[in-house]
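Basis for what follows: all heavy atoms, side chains included, without hydrogens, waters or symmetry-related copies.
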Amino acid sequence: MATVDLRISDLAQDSIERSRPHLDPDRVRYYREHLDEATPIVVFDVDGVLLLADGHHRVAAAELLGRSTVRADVRKGHRHDALKYAVEHGKNQRGLTDQQIIEAIARRGQRPERTN
């Protein structure tokens with residue numbers, strides 16, 4: 001795992017665009033005020049495609065601030081690894097069940113694989 005300043009434009013944009021309608025405006029506002037103190041986003045490098053697994057609100061805040069880069073932990077893996085990370089992180093952060101997270105990802109059009 002390496003923490004780098006990553007260009008937002010290098011991230012796979014389809015997942016970011018699908019997530020925009022689901023962002024919590026209060027969380028984006030918080031990150032606009034505290035982005036420099038926030039933990040890095042988590043990105044999986046899947047055969048050269050950079051998938052955002054955690055950090056949609058931070059990316060949105062960075063864009064609103066006019067930034068072209070964001071701090072990121074970049075990990076090598078497969079699409080399944082990124083989705084598994086997102087599910088586990090959602091469970092820990094928001095107290096959601098696997099099924100609730102899978103349904104949320106499916107609503108955004110990402111068709112997750114089961115993580116069991």
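Rounding to the nearest 0.5 Å gives a distance of 6.5 Å between CG of Leu50 and CG of Asp10. With rounding to the nearest 0.5 angstrom, the NE2 atom of His56 is 13.0 Å from the OH atom of Tyr31. The line from CD1 of Ile41 to CZ of Arg71 is 10.0 Å long, rounded to the nearest 0.5 Å.
In this structure, the side chain of Glu88 does not engage the main chain of Ala86 through any donor-acceptor pair within 3.5 Å.
Grouping the Ile, Leu, Val, Met, Phe, Trp and Tyr side chains by contacts below 4.5 angstrom, directly or via other members, places Leu51 apart from Ile16. Val74 and Ile8 fall within a single hydrophobic cluster, where Ile, Leu, Val, Met, Phe, Trp and Tyr are joined by side-chain heavy atoms under 4.5 Å apart, directly or via other members. Note on Val59 and Val43: same hydrophobic cluster, where clusters join Ile, Leu, Val, Met, Phe, Trp and Tyr whose side-chain heavy atoms are under 4.5 Å apart, directly or indirectly. In the hydrophobic clustering of this structure, Leu6 does not group with Val42; members are Ile, Leu, Val, Met, Phe, Trp, Tyr whose side-chain heavy atoms approach within less than 4.5 Å, directly or through other members. Hydrophobic clustering (ILVMFWY, side-chain heavy atoms < 4.5 Å, transitive): Val49 and Leu83 are in distinct clusters.
Screening residues 32-44 for salt bridge (Lys or Arg N to Asp or Glu O under 4.0 Å) gives Asp36-Arg67 as the qualifying pairs, with residues at least two apart or on separate chains.
Of all non-hydrogen atoms in Ala62 and Thr69, the two that sit nearest each other are CB-O, 4.3 Å. Listed here is the closest heavy atom pair of Leu23 and Ala60: CD1-CB, 3.6 Å.
Every residue two or more places apart in sequence or in another chain that forms a side-chain contact (heavy atoms from CB on, under 4.5 Å) with His78 is listed here: Asp81. Partners of Asp24 under the salt bridge (Lys or Arg N to Asp or Glu O under 4.0 Å) rule, at least two apart in sequence or in another chain, do not exist in this structure. In terms of the side-chain contact (heavy atoms from CB on, under 4.5 Å) criterion, residue partners of Glu17 (sequence neighbours excluded) are, by chain and number, Arg20. Under the salt bridge (Lys or Arg N to Asp or Glu O under 4.0 Å) criterion, Asp26 pairs with Arg29, not counting sequence neighbours. Under the rule for a side chain to side chain donor-acceptor pair (under 3.5 Å), the partners of Thr39 that lie at least two apart in sequence or sit in another chain are Arg58.
The only member of Lys76, Arg79, Arg75 that meets salt bridge (charged side-chain N to carboxylate O under 4.0 Å, His left out) when paired with Asp45 is Lys76.
Contact check for Gln13 versus Leu11: side-chain heavy atoms found under the 4.5 Å cut-off.
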